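Side chains are part of it too, since the values below use all heavy atoms of this structure and drop only hydrogens, waters and symmetry mates. Just so it is clear, the structure is predicted and the values come from calculations on it, not from any experiment. Order of listing sets the numbers, starting from 1, for every ligand and every atom in it.
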Amino acid sequence: MELTAGQLWSQVLEAAKERLAEQTYKTWLSGTNAVSLTQDQLLVEVPSEFHVGWIGDRYGKQLAELVQRVAGREMILTFECAAEAPEIHFPAVELSPPAVGGAVQGDGRRIAPTRPRLNDRYTFDRFVVGSNNEFAAAACRAVAANPARTYNPLFIYGGVGLGKTHLMQAIGCDILGSAPLTRTVYLTAEQFTNELVTAIQNGKTPDFRRKYREVDLLLVDDVQFLAGKERTQEEFFHTFNSLYDARKQIILTSDRPPKEIGGLEARLVSRFEWGLVADIRPPDYETRVAILRKKSEDDHIILDDDVIDFVARSCTSSVRQLEGAIIKLLAYSSLTNRDITVEFARANLKAEASIPARGHLVSPEDIKKAVAEAWGVRPEALSSKRRTKDLTVPRQVAMYLIREILDVALVQIGAVFGGRDHSTVIHSLRKVESQMQSDLSFRDRVETLGEDLRRP
Ligand code: ADP
Ligand code: MG
């Protein structure tokens with residue numbers, strides 16, 4: 001019999017548990033979830049972008065082999081960050097009756113939706129309220145207590161990694177906790193757009209409309225994405241109106257206030273401002289400390305006060321950055337078997353603020369330049385999208401050397417090369433590694449260059 005995604009992944013995890021150190025397993029794999037399985041691909045959600053890079057990089061190959069072994073066929077294993085997973089892999093809401101079971105409300109009409117894609121870590125309990133977000137948090141609490149009766153729509157805006165998605169989903173979790181039959185849809189404006197495009201292509205626009213106009217609670221994340229997309233705005237306008245008229249709660253987030261989203265129709269801007277607009281700012285020092293304490297408590301991690309102080313002082317831009325720092329410290333300490341002290345944190349968190357130079361002052365740009373020179377191409381060309389062989393080889397080598405010398409995260413390497421994603425970077429690193437094994441003169445060339453760059 002065919003295994004489900006969950007069954008397949010849990011067998012893989014069992015095998016992985018035997019092969020990996022307990023701490024490693026706990027830190028990296030215990031919070032993963034299989035979300036979909038097709039003939040040739042298993043998609044697994046992991047808690048953060050950092051996990052995506054880390055697991056893919058260190059354990060990806062081993063895990064992929066286990067997946068193939070358990071499934072008994074060629075499979076691609078893909079990791080993705082839970083919060084940002086595209087909706088296509090898991091419909092946000094199922095409006096047709098489930099085949100068996102499924103709750104029916106008193107009036108006998110409503111069918112319980114399948115669990116919407118809400119992250120169950122994104123609850124009010126886990127959200128630390130500080131002066132930077134207290135207004136937004138209070139507004140969200142009010143909406144959760146009284147959906148569609150207080151502020152409709154509720155519009156939350158603020159910079160990246162400050163807790164917009166968390167708060168928005170906390171409303172969803174809270175409402176579903178007390179009224180599980182609430183038909184809830186959470187999705188990003190990008191997913192809304194993609195789905196609309198697919199619906200149009202397949203002549204399924206009426207289904208698309210029905211799906212979104214028949215919900216009780218609509219959570220749309222990152223609506224700034226609608227900027228300049230006229231057809232999607234038009235559709236969203238009608239969805240908004242029909243939900244609003246039916247007194248259904250709408251919650252929106254964006255990286256800026258409605259008026260500042262360029263390329264957004266005036267009628268949408270004005271609707272977005274109908275209810276309440278609340279902002280979230282970067283956390284101050286005290287809030288950062290409180291967040292670090294809370295996270296370590298929630299995850300049963302023991303961090304000394306002076307380490308917390310150090311992290312709170314070095315990571316100032318967002319909550320996501322704080323979380324990334326903790327995950328990284330945990331990872332390094334479990335790999336090296338060392339305690340997390342301030343010294344340890346200082347040595348390992350250099351990458352957090354900016355791309356680090358370890359021990360001496362070579363930068364990713366220096367490495368790029370040196371490789372470009374050695375291969376006789378222009379350094380800018382390495383960041384271009386062009387994929388001719390004269391560029392791909394030095395580009396891959398530069399990625400490899402940046403990784404080797406500076407040990408920065410894959411996403412950061414991707415950023416240095418014109419925003420390539422981490423899987424492209426992984427592919428490049430593997431390519432270089434395998435060519436170094438098969439071609440000794442290539443290997444010599446790369447290693448010599450690496451040594452030159454490492455020399456102070
Ligand atoms: P945004 O949507 O604004 O980019 P997220 O909601 O995804 O940010 O938050 C990034 C991470 O930081 C999430 O893991 C979230 O749980 C966490 N986070 C943000 N703000 C807080 C807070 N005030 N208390 C606890 N965790 C928070
Ligand atoms: Mg978000």
Side-chain angles (χ1 to χ4, degrees), residues 27 31-33 45-54 80-87 92 116-141 144 154-174 185-192 219-226 251-257 261 277-299 301 303 308 311-312 315-328 330 352 411:
T27 311
T32 59
N33 259 318
E45 274 185 0
V46 299
S48 71
E49 272 307 326
F50 189 81
H51 281 77
V52 174
W54 189 276
E80 106 190 333
C81 174
E84 260 108 59
E87 205 238 2
R117 300 182 53 90
L118 297 178
N119 184 330
D120 53 20
R121 293 171 64 91
Y122 289 171
T123 57
F124 285 125
D125 278 358
R126 286 178 179 261
F127 192 84
V128 175
V129 178
S131 55
N132 61 315
N133 59 25
E134 69 191 324
F135 179 60
C140 290
R141 288 267 190 189
L154 174 61
F155 190 102
I156 308 165
Y157 76 89
V160 178
L162 296 183
K164 302 181 296 294
T165 300
H166 185 139
L167 264 186
M168 160 185 256
Q169 294 208 7
I171 301 178
C173 290
D174 198 72
V185 168
Y186 164 82
L187 84 176
T188 63
E190 184 173 5
Q191 288 162 353
F192 186 88
L219 313 173
V220 185
D221 215 347
D222 295 318
V223 293
Q224 74 276 0
F225 187 83
L226 298 177
I251 303 165
L252 309 164
T253 73
S254 163
D255 64 355
R256 59 207 108 146
I261 308 178
V277 177
D279 72 327
I280 305 188
R281 291 180 306 279
D284 53 20
Y285 170 79
E286 287 74 17
T287 312
R288 295 198 297 274
V289 168
I291 289 172
L292 288 167
R293 291 227 167 93
K294 173 89 174 129
K295 301 260 170 217
S296 46
E297 242 166 60
D298 285 351
D299 292 334
I301 302 161
L303 289 178
I308 290 192
V311 176
C315 303
T316 55
S317 67
S318 75
V319 183
R320 178 160 293 139
Q321 192 194 18
L322 288 173
E323 286 185 342
I326 304 191
I327 295 174
K328 191 163 190 179
L330 274 183
E352 295 313 293
V411 276

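- The distance from ligand 1 to the heavy atoms of G159 drops below 4.0 Å at these ligand atoms: 3 (O).
- In terms of polar-atom proximity, defined here as any N/O pair under 3.5 Å, F127 makes no such contact with ligand 1.
- Put simply, T165 gets within reach of the Mg ion (ligand 2), with an N, O or S atom under 2.8 Å from it.
- Using a 4.5 Å heavy-atom threshold, the side chains of V160 and S318 count as separate.
- Applying the 4.0 Å criterion to heavy atoms of K164 picks out, from ligand 1, the atoms 1 (P), 2 (O), 3 (O), 4 (O), 6 (O), 8 (O).
- Comparing R288, E134, R320, E323 against atom 17 (C) of ligand 1, the shortest heavy-atom distance belongs to E323.
- The R126 neighbourhood of ligand 1 comprises atoms 24 (N), 25 (C), 26 (N), with distances under 4.0 Å to a heavy atom of that residue.
- Proximity of V220 to L187: side-chain heavy atoms (C-beta onward) are separated by under 4.5 Å at one or more points.
- Two residues are said to be in side-chain contact when any heavy atoms from C-beta on lie closer than 4.5 Å; P283 and V319 meet this criterion.
- Counting atoms of ligand 1 from 1 in the listed order, those under 4.0 Å from a heavy atom of K295 are 16 (O), 17 (C), 25 (C), 26 (N), 27 (C).
- If you number the atoms of ligand 1 from 1 as listed, the ones under 4.0 Å from a heavy atom of N133 come out as 23 (N).
- At a 3.5 angstrom cut-off on N or O pairs, H166 counts as close to ligand 1.
- Residues meeting the side chain to side chain contact (heavy atoms under 4.5 Å, CB included) test with E134, sequence neighbours left out: V129, S131.
- Within the 4.5 Å cutoff, the side chain of Y285 has no heavy atoms near those of the T316 side chain.
- The two residues L322 and C315 make their nearest non-hydrogen contact at CD2-O, 3.5 Å.
- The heavy atom nearest to atom 5 (P) of ligand 1, out of those in A170, G158, G163, G324, is found in G163.
- Looking at V128 next to ligand 1, an N or O pair under 3.5 Å apart turns up.
- Below 4.0 Å from some heavy atom of V160 lie the following atoms of ligand 1, by number and element: 4 (O).
- On a distance-only criterion, G161 and ligand 1 share at least one N/O pair closer than 3.5 Å.
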Chi angles and distances behind the salt bridge (charged side-chain N to carboxylate O under 4.0 Å, His left out) call for K295, D299: CA-CA 6 Å; K295 301 260 170 217; D299 292 334; over 6 Å; no

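- Separating the CD1 atom in I291 from the CZ atom in F127 is a distance of 7.0 Å, to the nearest 0.5 Å.
- Of the candidates L252, D255, T253, D222 forms a side chain to side chain contact (heavy atoms under 4.5 Å, CB included) with just one, namely T253.
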